[in-house]
Amino acid sequence: MDNLAWKIVEREKSLGRDLSMIRTEAGIAASGFVHIGSVSDSVRAYAVSLALKNLGYGSEMAQFADDMDGLRSVPAEIPQSFEKYLLQPVSLIPDPFKCHESYAVHMESMLLEALTKAGVETKLFRGYQVYDSGLLKQQIAAILARSKDVGLKIAETTGQKKFTETLPYFPLCRSCGRIYTTNALGFDQKTGRVHYVCKGVEIKKRWYQGCGYEGEADVSRAEGKLSWKVEWAARWAALDIRFEAYGKDLADSVKVNDWVCENILNTPPPYHVQYELFLDESKRKISKSRGVSVFTPDSWYRYATPQSLVLLLLKRIRGTRVVSPRLIPALMNELDRLAQQYYSGTGDPRRTGLYAYAHFLKPPNKRPNTIPYNLLVFLSSIAPEGKEKEFVVSRLKRYGYTVDEEALDRVGKAIEYFKSFGQVPGERFALEEAFKPAVAEVAEAVKNASVAEQLQSAVFEIARRHGLNPQQLFQQLYRILLGQDSGPRFAVFVVEDLGAQRAYEILKSAVA
RNA sequence: GGGCCCGUAGCUCAGCCAGGAUAGAGCACCGGGCUUUUAACCCGGGGGUCGUGGGUUCAAAUCCCGCCGGGCCCGCCA
């Protein structure tokens, strides 16, 4: 992050621009459900913004909601009756869940809540309001005045010929309320109005017949929007954006927008980073419209802390990321290890820096209570159904952990994780010959064990008698019983949780 | 048809853009300490042909070209 911020600053210096406010931007699509990819954009832009501040420059992140976009398909969770709103701007469609003022605001707030939980602070711009306030009107006018050049450039870089015939602007049809069915045919510089005819459009292999209405749209009002091919450029210039990352599926659009920004609006485009997309477990691009299969930030928060998600998004920007709930335990563990290094004050600066950024540079004052996540998941797995929380907490207390608010929250998450995904898989294991005699003796000791402390001592005794390092013997035992390298205090666990008889059987079969 | 990303230690990743000395970190592993461990702690150690072949250079993980392996995006939708 710091490195990226430094590059941005160097570029701004060489461009001779004002350094007192270096604004970054992230977009939110408001047309479908929020997924991990949608937060990544904001999380990363915010981190860059913080890094800029850290270097001593003013910075803020602009969050731009694309709520003038038309609804192009009805997501699975939305009633099919919403078909009737297809191609209307999502900011003008009612909220299917009836809790927000519009479809767009509902979707936006899902993302904003997820970001707030993670600690991201944004300055929100809603597309509808931005268009309606006329904020972009100069840029729109400049682009439409040179629509010929723009259309040719789009055809050249993307092969899309459409805008050699129509203007790169979609008027909102005053008659039928749809936004992509219109063809913008002319622009009057004096009145700032676009002349259009509602002809129809083909989207996703489906033809939508226009209503035939012919009229004019005022570019200083929310009566239409720019095509994506040029809209970014207008935003960048109007909002003075200096950094914006983008997913590689939009690479061509960015090329065109950069050109427009530079050559039509006479503004150097923002510094970019292209990142790879997020894939789901089936290795396909995560899509907003595919519905329930989408792994959302909220579902992540059910199983893990927001910071673990931030860590995932910040630790590596390059390369494709397959997002899977299976990543959760590893990330929780990694965050705990980072915490250890951060608070001990001796860690590698790169690692402690990552920890700080996972908390957006506001890490907790004192080291958080990091009860190992895998332990919690394991305890959940042996907990009686319906009483998981009480059970896990009682065991934790017995093992000597402090169970505070924070720990309780984590316990809840781990229980959810176990319910959804099962035990964290351990590695396959074969008992080493050298340990067999000792393990056999432990088995006998376990058989008759009723007092935990005695058993615990017996294990140490056996280890010494066999000339083994107790630590190693314990490790073998944990591997046999749990499939993990370590575990809760051995004797307590055997006597009170697993049951002496059952433990005996498992150990016995391991040395057979 | 056009384009992009990844390949560095067992694992997760830095380093590459602006080429320099024995290539780093965490975890794991090994050894030692702590006379019984909270899935702890402390000290030390081993471990990498930097995917591969060539080129440029006094010098290449780093720059250029080819190849292999893994994966993705775009193709007139935004």
Side-chain angles (χ1 to χ4, degrees), chain A residues 3-4 7 10 27 29 31 66 68-73 87 154-155 157-164 170 179-180 201-206 225-229 231 247-253 255 274-279 283-285 288 311-312 315-322 327 330-331 333-334 336-338 340-341 344 346-355 369-379 395-402 424 427 452-461 463-464 469-472 474-475 478 482 484-493:
Chain A
N3 188 23
L4 180 53
K7 280 184 210 166
E10 285 303 304
S31 52
D66 288 310
M68 278 292 280
D69 285 6
L71 184 67
R72 289 160 57 243
S73 61
L87 304 193
I154 292 173
T157 45
T158 71
Q160 184 180 20
K161 297 195 190 94
K162 181 174 172 178
F163 296 115
T164 56
F170 296 111
I179 194 166
Y180 301 130
V201 68
E202 186 183 311
I203 286 178
K204 293 187 176 174
K205 314 262 185 217
R206 177 172 162 190
K225 76 181 287 286
L226 290 168
S227 155
W228 267 30
K229 296 283 185 303
E231 185 178 55
K248 84 171 165 187
D249 50 339
L250 300 173
D252 282 345
S253 276
K255 260 185 225 162
Q274 182 190 103
Y275 51 72
E276 293 286 308
L277 302 175
F278 289 84
L279 311 180
K283 297 274 176 73
R284 284 191 302 172
K285 176 173 130 175
K288 289 182 278 296
L311 176 63
L312 168 73
K315 73 180 283 192
R316 177 164 59 85
I317 290 185
R318 289 190 310 187
T320 310
R321 306 230 67 163
V322 175
L327 298 174
L331 283 163
N333 295 338
E334 183 169 358
D336 288 348
R337 275 185 248 116
L338 290 175
Q340 186 188 316
Q341 289 171 55
S344 71
T346 55
D348 184 316
R350 286 193 302 259
R351 305 233 93 213
T352 56
L354 187 56
Y355 184 77
N369 188 354
T370 53
I371 302 176
Y373 191 81
N374 287 2
L375 171 63
L376 298 179
V377 174
F378 172 74
L379 288 175
R395 296 303 124 137
L396 289 176
K397 285 183 175 157
R398 193 165 306 163
Y399 300 153
Y401 286 100
T402 313
V424 179
E427 285 170 25
E453 279 314 307
Q454 279 174 18
L455 176 60
Q456 186 79 3
S457 301
V459 176
F460 275 89
E461 222 172 276
R464 284 193 208 98
N469 181 336
Q471 197 172 349
Q472 286 181 321
F474 275 110
Q475 189 179 61
Y478 287 124
L482 305 180
Q484 309 269 336
D485 280 349
S486 44
R489 192 173 168 84
F490 180 77
V492 178
F493 170 67

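The chains referred to below are lettered A, B, ... by the order of the sequence lines, with proteins before strands, and numbering in each begins at 1.
- A gap of 15 Å separates the C1' atoms of B:rG47 and B:rG31, to the nearest Å.
- Between the side chain of A:Lys248 and the base of B:rC73, no donor-acceptor pair of N or O atoms lies under 3.5 Å.
- Position along RNA chain B of the nearest nucleotide to A:Glu276 versus A:Thr370 favours A:Glu276 as the more 5'-ward residue.
- Put simply, the side chain of A:Asp69 reaches to within 4.5 Å of the side chain of A:Lys225, judged on heavy atoms.
- Both A:Gln456 and A:Ser227 sit near RNA chain B, but only A:Gln456 has its closest nucleotide nearer the 5' end.
- The side chain of A:Arg316 lies closest to B:rA14 when the candidates are B:rA25, B:rG71, B:rA14.
- Across all strands shown, A:Leu375 has heavy atoms under 4.0 Å from base atoms, whether or not it also approaches the sugar-phosphate.
- Contacts of A:Ser457 with the nucleic acid, taken as non-hydrogen atoms under 4.0 Å apart, include base atoms.
- Taking all atoms of both residues into account, the shortest heavy-atom contact from A:Phe170 to A:Ile179 is CB-O, 3.3 Å.
- Spacing between B:rC65 and B:rC4 at atom P, rounded to whole Å, works out to 11 Å.
- Contact annotation for A:Phe170: backbone-only contact, meaning every heavy-atom pair under 4.0 Å involves sugar-phosphate atoms and none involves a base.
- Nucleotide B:rU36: unpaired (no Watson-Crick or G-U wobble partner with both distances less than 3.5 Å).
- Closest non-hydrogen pair, A:Thr402 versus A:Asn369, comes out as O-ND2, 2.8 Å.
- Computed from coordinates, the A:Tyr275 OH to B:rC72 P distance equals 19 Å when rounded to whole Å.
- B:rG1 is paired with B:rC74 under the criterion used here, namely a Watson-Crick or G-U wobble arrangement in which both key atom distances are under 3.5 Å.
- Among the heavy atoms of the strands, none lies under 4.0 Å from A:Glu461.
- Rounded to an integer number of Å, the gap from CG of A:Asn374 to C1' of B:rA40 is 16 Å.
- Straight-line distance from the CD atom of A:Gln341 to the C1' atom of B:rA14: 13 Å, rounded to whole Å.
- Computed from coordinates, the A:Asp66 CG to B:rC77 P distance equals 19 Å when rounded to whole Å.
- The side chain of A:Arg337 places no N or O atom within less than 4.0 Å of a non-bridging phosphate oxygen (OP1 or OP2) of B:rC27.
- Look at the P atom in both B:rG26 and B:rC42: the space between them is 12 Å, to the nearest Å.
- Interatomic distance, CG of A:Leu87 versus CD1 of A:Ile203, reported as 5.0 Å (0.5 Å rounding).
- Residue A:Arg321 is classed as a sugar-phosphate contact, given heavy-atom separations below 4.0 Å to backbone atoms only.
- In this model, the phosphate group of B:rC74 is not approached by any side-chain N or O of A:Gln160 to a distance below 4.0 Å at OP1 or OP2.
- Contact between A:Arg321 and A:Leu312 at its shortest, heavy atoms only, is NH1-O, 3.0 Å.
- The same atom, P, is picked in B:rC77 and in B:rC17; the two are 41 Å apart, to the nearest Å.
- One interatomic measurement links the two molecules: CZ of A:Phe490 to P of B:rU36, which rounds to 16 Å at whole-angstrom precision.
- Between A:Glu276 and A:Thr320, the shortest heavy-atom contact is OE1-OG1, 3.2 Å.
- Considering only the side chain of A:Lys229, B:rA78 comes nearest among B:rU36, B:rC4, B:rA78.
- At distances below 3.5 Å, not a single donor-acceptor pair connects side-chain atoms of A:Asp249 with backbone N or O atoms of A:Leu277.
- Rounded to a whole angstrom, the distance from the C1' atom of B:rG75 to that of B:rC58 is 48 Å.
- Inter-residue side-chain proximity for A:Asp66 and A:Glu231 is flagged as met; some heavy-atom pair is nearer than 4.5 Å.
- Only the C1' atoms considered, B:rA60 is 14 Å distant from B:rA21, to the nearest whole Å.
- Atom CD of A:Glu334 and atom C1' of B:rC13 are 8 Å apart (whole Å).
- Pair assignment for B:rC13 gives B:rG24, based on Watson-Crick or G-U wobble hydrogen-bonding distances that are each under 3.5 Å.
- For A:Ile203, counting side-chain heavy atoms from C-beta on, the closest listed nucleotide (B:rA14, B:rU38, B:rC77) is B:rC77.
- Distance, A:Asn333 CG to B:rG26 P: 17 Å, rounded to whole Å.
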Provide a list of protein-nucleic acid N or O atom pairs under 3.5 angstrom, restricted to nucleotides 16-19 of chain B.
from   : atom 1 : to       : atom 2 : distance (Å)
B:rC16 : N4     : A:Arg318 : NH2    : 2.5
B:rC17 : O2     : A:Lys7   : NZ     : 3.0
B:rC17 : N3     : A:Lys7   : NZ     : 2.9

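- Heavy atoms of A:Gly159 sit under 4.0 angstrom from at least one base atom.
- Pairing of B:rG66, defined by two Watson-Crick or G-U wobble distances under 3.5 Å, is identified with B:rU52.
- Residue contacts for A:Ile371: at a heavy-atom cut-off of 4.0 Å it reaches no nucleic acid atom on any strand shown.
- Between A:Leu338 and A:Arg351 the shortest heavy-atom distance is CD2-NH1, 3.5 Å.
- Distance alone, capped at 3.5 Å, is enough to place a donor-acceptor pair between the A:Tyr180 side chain and the A:Gly70 backbone.
- As rounded to the nearest Å, B:rG1 and B:rC67 have P atoms that lie 15 Å from one another.
- Regarding A:Leu396, its CG atom lies at a distance of 18 Å from the P atom of B:rU37, rounded to whole Å.
- An OP1 or OP2 oxygen of B:rA78 is reached within less than 4.0 angstrom by a side-chain nitrogen or oxygen of A:Lys162.
- Across all strands, A:Lys225 comes closer than 4.0 Å only to sugar-phosphate atoms, never to a base (heavy-atom distances).
- If you take atom P in B:rU57 and the same atom in B:rC64, they sit 16 Å apart, rounded to whole Å.
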